[in-house]
Amino acid sequence: MTKAKPYVHSPGNKQQSDLQPPPQVHPREVFMTTAVLTALIAAGLIAAMFIPGIGIPLIVVQVGFLALHGSRRYGWRAITVFIVAGLVISNLLENLSIQTGFPFGHYHYTGDGKIFQVPWYIGPAYLAIGYLAWIVATSLLADVHRNSPWLTTIGTPIVGASAMTAWDLAMDPSSATINQWWIWENGGGFFGVPLVNFLGWTFTVYLYMQAFALYLRSRGPAPSAARTRTVSDLQAVILYAATTLSFFAAYFKSDRTTVTDATGHTWQTSDIYETSILLAVYGMLFLALLASLRIAQRHSERSGTSTVVAASQTQVP
């Protein structure tokens, strides 16, 4: 029997030294841990429909999912790049926009607990939902690994940023115009939210996802490692879809009244809630459905290939 070659650290070869040996954790244990965490977060999202005030703690738990799922998929170094890039770029551009209007437009946050002029939980929200959007993008297009083609390296962050912006399309009007967690000082045509905000979201998320993709292309897992990852993409896609539950809760539970934005324009809350549902169904849920179908398709193709290979090996010449 031929023994597997042990991992050898080669300081003379920089690319080889960046390839970390996988931690000795049983794949089933990792899968079950992330599956349990997925179930807990999904239950939390359902509970948030009825229990106010648990949204921010839930974001923290979702960041935990990102760390565990991402570390097993890409390694701790790579997922740390995702976390640092997401926190730094989002906070810098949010503060820049509050001061100058670029890239989101002129606005300001209400409430306390801020890092400079941005609430501390905004960065974790970028990470939590951004990672789910990234997995949706890798399912729809392709994952980025060492020496990926440039089409994948650039295309996947673009798809991921769009999937992330789909969340903001459904979320921003109710959060800003109704709940006034932040105030758009010059209003906007989309229920008090300006067009430039969504362009700014896509730009900001693309920047940190692109930084992550460039790291993966340079120092990320090799393609063979990506094929043997121990965590399920479907878990992240399910959580991405479950994020829409808050929009359904607001539609069915909230009072129907009128609200006025910073420019004095009056909006019907019923129109905002209904539009959020439409955007959630034909935006986020549609993307989640497409991603799930692609995951199922690839699983079926791999199973078919394995069956053919096994059959050919059992044939007697």
Side-chain angles (χ1 to χ4, degrees), residues 34 36-70 83 86-87 90-91 94 104 107-115 117-136 163-184 191-193 197-198 201 204-205 235-255 257 259 269 272-277 279-281 283-285 287-288:
T34 54
V36 169
L37 198 54
T38 300
L40 288 175
I41 294 172
L45 290 169
I46 294 173
M49 299 172 66
F50 308 99
I51 306 173
I54 67 172
I56 293 179
L58 195 56
I59 289 175
V60 176
V61 177
Q62 286 178 293
V63 173
F65 173 85
L66 145 70
L68 180 60
H69 191 282
I83 292 172
L87 290 176
S90 65
N91 190 267
E94 289 258 358
F104 301 100
Y107 67 104
H108 64 271
Y109 283 99
T110 59
D112 301 318
K114 297 176 181 177
I115 301 177
Q117 300 183 71
V118 180
W120 68 267
Y121 58 81
I122 295 297
Y126 268 100
L127 296 180
I129 309 301
Y131 181 74
L132 303 180
W134 170 267
I135 299 299
V136 167
M164 178 76 164
T165 306
W167 174 57
D168 188 53
L169 276 168
M171 176 268 297
D172 211 299
S174 59
S175 297
T177 305
I178 297 177
N179 297 322
Q180 296 187 349
W181 294 337
W182 52 89
I183 304 296
W184 292 104
F191 299 110
V193 183
N197 166 64
F198 304 107
W201 263 74
T204 300
V205 177
Q235 295 169 353
V237 174
I238 289 172
L239 290 181
Y240 177 81
T243 304
T244 65
L245 289 173
S246 62
F247 307 130
F248 288 93
Y251 177 77
F252 288 110
K253 293 181 57 181
S254 299
D255 295 332
T257 182
V259 290
T269 58
I272 296 176
Y273 293 136
E274 185 170 331
T275 302
S276 293
I277 290 291
L279 290 170
V281 170
M284 294 183 70
L285 291 180
L287 289 174

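Scope of the values below: all heavy atoms of this structure, side chains included, with no hydrogens, waters or symmetry mates.
- The CG atom of Asn91 sits 11.0 Å away from atom OG1 of Thr204, with the distance rounded to the nearest 0.5 Å.
- Between Phe198 and Val193 there is a side-chain heavy-atom pair separated by less than 4.5 Å.
- Within a 6.0 Å sphere centred on OH of Tyr121, heavy atoms belonging to other residues, nucleotides or ligands number more than 12.
- At a threshold of 4.5 Å between non-hydrogen side-chain atoms, the residues Trp134 and Met164 do not count as touching.
- Side-chain N or O atoms of Ser276 include none that pairs as donor or acceptor with a backbone N or O of Ser174 at under 3.5 Å.
- If you take CE on Met171 and OG1 on Thr165, they are separated by 10.0 Å, rounding to the nearest 0.5 Å.
- Across all their heavy atoms, Leu45 and Leu239 have their closest contact at CD1-O, 4.4 Å.
- The two atoms that bring Ala166 and Leu287 nearest to each other are CB-CD1, 4.4 Å, heavy atoms only.
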Assess whether side chain to side chain contact (heavy atoms under 4.5 Å, CB included) is satisfied between Gln117 and His108, documenting all intermediate values. CA-CA 8 Å; Gln117 300 183 71; His108 64 271; over 6 Å; no
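- Summarising the geometry, atom CD1 belonging to Ile41 is positioned 11.5 Å from atom CD1 belonging to Ile238; distances are rounded to the nearest 0.5 Å.
- Separation of atoms NE2 (His69) and OG1 (Thr38) is listed at 7.0 Å; rounding is to 0.5 Å.
- The distance from atom CD1 of Ile277 to atom CD1 of Ile272, rounded to the nearest 0.5 Å, is 13.5 Å.
- Atom CD in Glu274 sits 5.0 Å away from atom OH in Tyr251 (nearest 0.5 Å).
- Not one N or O on the side chain of Thr244 forms a donor-acceptor pair closer than 3.5 Å with the backbone of Ala280.
- Of all heavy-atom pairs spanning Asn197 and Asp168, the tightest one is ND2-OD2, 3.0 Å.
- In this structure, Lys253 contributes its side chain and Phe248 its backbone to no donor-acceptor pair below 3.5 Å.
- Panel note: side chain Ser90, backbone Leu87; a donor-acceptor pair is recorded below 3.5 Å.
- Ala128 approaches Ile59 most closely through the heavy-atom pair CB-O, 4.2 Å.
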Evaluate Phe104 against Trp201 for side chain to side chain contact (heavy atoms under 4.5 Å, CB included), listing each step before the verdict. CA-CA 7 Å; Phe104 301 100; Trp201 263 74; 3.6 Å; yes
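- In this structure, Leu169 and Leu279 approach most closely via the heavy-atom pair O-CD1, 3.4 Å.
- Within 6.0 Å of CH2 on Trp120 lie more than 12 heavy atoms contributed by other residues, nucleotides or ligands.
- Residues Leu40 and Val36 meet the side-chain proximity criterion, which asks for heavy atoms closer than 4.5 Å.
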Can you check side chain to side chain contact (heavy atoms under 4.5 Å, CB included) on Glu94 and Tyr126, steps first, answer last? CA-CA 11 Å; Glu94 289 258 358; Tyr126 268 100; 2.8 Å; yes
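- Checked by atom type and distance alone, the side chain of Tyr240 never pairs as donor or acceptor with a backbone atom of Tyr131 at under 3.5 Å.
- Minimum interatomic distance between Asp255 and Tyr273 (heavy atoms only, all atoms of both residues): O-CE1, 3.9 Å.
- Side-chain contact check for Ile178 versus Phe191: every heavy-atom pair is 4.5 Å or farther apart.
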Derivation of the side chain to side chain contact (heavy atoms under 4.5 Å, CB included) call for Ile129 and Gln62: CA-CA 8 Å; Ile129 309 301; Gln62 286 178 293; 4.2 Å; yes
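- Between Tyr107 and Trp182, the ring centre distance reaches or exceeds 6.0 Å.
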